[in-house]
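Below: the structure, in structure tokens.
One-based numbering, in listed order, for ligands and for the atoms of each. None of these values were measured; they are calculated from a predicted model.
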Amino acid sequence: MYRLGRSVTFTLYGESHAEYIGGFLEGLPEGLTVDPDVIRGELALRRPSEGIGTKRVEPDDVEFLSGIKDGKTSGEKIHFRIRNTDTDSSKYAKFNRTPRPGHADLPALAKFKEHEIKGGNQFSGRLTASIVVAGSIARQFISQYGISVVSFTRSIGNTEDTDERDFNSALNSRTFPTRSCTDYLDLLMTQEILDASKDNDSVGGVVECITVGLPIGFGGTWFESLDAEIAGAVFAIPACKGIEFGKGFELSKLRGSESNDPFYYDNGVKLSSNNMGGVLGGMSDGNPMVFRAAFKPTPSIGKEQDTVDLELMQDAKIRIEGRHDPCIVPRAAIVVEGITCLVIADRIMRDHDGTGETEG
Ligand SMILES: Cc1cc2nc3c(=O)[nH]c(=O)nc-3n(C[C@H](O)[C@H](O)[C@H](O)COP(=O)(O)O)c2cc1C
């Protein structure tokens, strides 16, 4: 079991070839309306899209075992689970001897003495369905505070969306299979994915996430910084290899006079740019919080790769068959949204129950 949060905690369990994956969500107040259609809609965004995704389409039917009664939270621990239907591990047996480059096999075999490779085990992207469920409930909670979160695909391979995106234009991405913001970008990004797939290869990309409605001062300091907590949680998503807030790495090339976001007064303190991605000192500066998460290409590819035969202790070759997405970026977008909602919900409740740090 793996746990995120302090006041609103989310505990994730399961493996890709176990009977179930699922989670526990604790600490949300009683009486919150939970719309199952919203959860279903968000799970649909995580499923592979026809044409650019794997044909492994498992039904994501969520079963709530406790914590929700008559469509509302009861204040008890919310326990939900999703049945795995595609659990044939026979094709994976060879990876115990010849680990897949780019996947978790090698370190997992070294760390866990009883480890037997079955799908992606506990490292599988399959578990992100539970993040989407818990994140969707958290989203319904934080919306009461006027906070909304959306992600979209900023780039896939060498195709990049170079336009500035605000919350509403990012919302358009929900209608496109690649989660890009326009039909033209969707076409280009689809082509990137198809080109990689034709080559028995895979491609990565960048998800951008925009949060609006955070009041100035929302967040924490040091290890409870808003950006530190978001980054820690987003990095836990399998295949995430980078994260930056606002202009991120670009800022290192600027002068302070170019990077600072100047203040002005217009019915309150405003900022005339958003180079910092909405976070100063670990707290919201009132701008939309904007960050980007880089996802590597899917490790399982059909192209022949070098590996090692762990029994013979000699070089070997491997080719991975089966159904793997040539690009996981479009599916990761809703997972990034979900985990962001969970971190924000936790922060809200920590501020309510006084368990957040207080020193000025
Ligand atoms: C939504 C999603 C789906 C994924 N699907 C696959 C897949 O089909 N095949 C694969 O090899 N990796 C897939 N991954 C990535 C692996 O789970 C991940 O690369 C692996 O566990 C190693 O972890 P790391 O990349 O974080 O180091 C997926 C990740 C996500 C977020």
Side-chain angles (χ1 to χ4, degrees), residues 2 4 12 14-18 21 23 42-49 52-58 60 82 84 86-89 91-92 94-95 98-112 115 117-136 151 153 156 177-179 193 196-197 200-207 209 231-243 293-303 305 307 318-340 342:
Y2 315 98
L4 173 72
L12 178 68
E15 297 191 18
S16 55
H17 288 187
I21 56 163
E42 293 184 24
L43 279 170
L45 291 172
R46 201 204 68 94
R47 298 175 80 187
S49 292
I52 56 167
T54 165
K55 290 197 180 63
R56 174 185 161 139
V57 180
E58 300 202 47
D60 287 333
I82 305 170
N84 288 324
D86 187 352
T87 56
D88 176 13
S89 302
K91 284 203 194 93
Y92 293 81
K94 65 180 178 187
F95 306 136
T98 47
R100 292 167 287 182
H103 216 295
D105 302 348
L106 181 70
L109 287 166
K111 184 175 172 73
F112 307 111
H115 194 73
I117 290 158
K118 295 177 170 174
N121 294 83
Q122 67 269 49
F123 311 98
S124 173
R126 171 82 180 136
L127 273 70
T128 60
S130 296
I131 296 176
V132 172
V133 174
S136 180
S151 292
T153 300
I156 286 181
T178 59
R179 291 296 307 269
I193 297 171
S197 175
N200 280 324
D201 218 332
S202 60
V203 65
V206 172
V207 169
C209 183
V234 171
F235 256 122
I237 302 173
C240 176
K241 294 305 276 185
I243 184 161
F295 286 87
K296 72 186 193 185
T298 319
S300 300
I301 53 173
K303 226 184 182 109
Q305 301 173 84
T307 184
I318 193 167
R319 196 188 287 278
I320 298 161
E321 296 131 39
R323 296 171 276 176
H324 296 278
D325 277 330
C327 182
I328 58 178
V329 177
R331 301 180 61 200
I334 189 69
V335 183
V336 170
E337 287 183 32
I339 218 150
T340 303
L342 283 164

If you count heavy atoms of other groups shown closer than 6.0 angstrom to NZ of K303, is the number above 12?
yes

Does the N or O separation between H324 and ligand 1 drop below 3.5 Å for any pair?
yes

When you check the gap from the basic side-chain N to the acidic O, do E321 and K94 get nearer than 4.0 Å?
yes

For the 3.5 Å polar cut-off, considering only N or O atoms, please tell me whether K296 and ligand 1 meet it.
yes

For R47, is there an ion pair with E42 - N to carboxylate O distance below 4.0 angstrom?
no

Close approach of P299 to ligand 1, heavy atoms, under 4.0 angstrom
yes

Report yes if some heavy atom in the side chain of F295 is under 4.5 Å from a heavy atom in the side chain of I237; otherwise report no.
yes

closest protein heavy atom to atom 31 (C) of ligand 1 is P238 O, 3.4 Å

I'd like to check the side-chain contact (heavy atoms from CB on, under 4.5 Å) partners of P299; sequence neighbours left out, ordered by chain and number.
H103, K296

Test of proximity, A239 against ligand 1: N or O pairs below 3.5 Å:
yes

Considering only the protein, which heavy-atom contact is closest to atom 4 (C) of ligand 1, and what is its distance?
I328 CG2, 3.4 Å

Given C327, G125, A236, which has its nearest heavy atom closest to atom 30 (C) of ligand 1?
G125

List ligand 1 atoms under 4.0 Å from T128, heavy atoms only on the residue side.
1 (C)

For atom 21 (O) of ligand 1, find the nearest protein heavy atom and state the residue, atom name and distance (0.1 Å precision).
F123 O, 2.9 Å

Is there a donor-acceptor pair closer than 3.5 Å between any side-chain N or O of E337 and the backbone N or O of S151?
yes

Considering only non-hydrogen protein atoms, determine which one is nearest to atom 11 (O) of ligand 1 and report residue, atom name and distance to 0.1 Å.
S300 OG, 2.5 Å

N84 side chain to S16 main-chain N or O, any donor-acceptor pair under 3.5 Å?
yes

Just to confirm my output: which protein heavy-atom neighbour is closest to atom 6 (C) of ligand 1, and how far is it?
T298 CG2, 3.9 Å

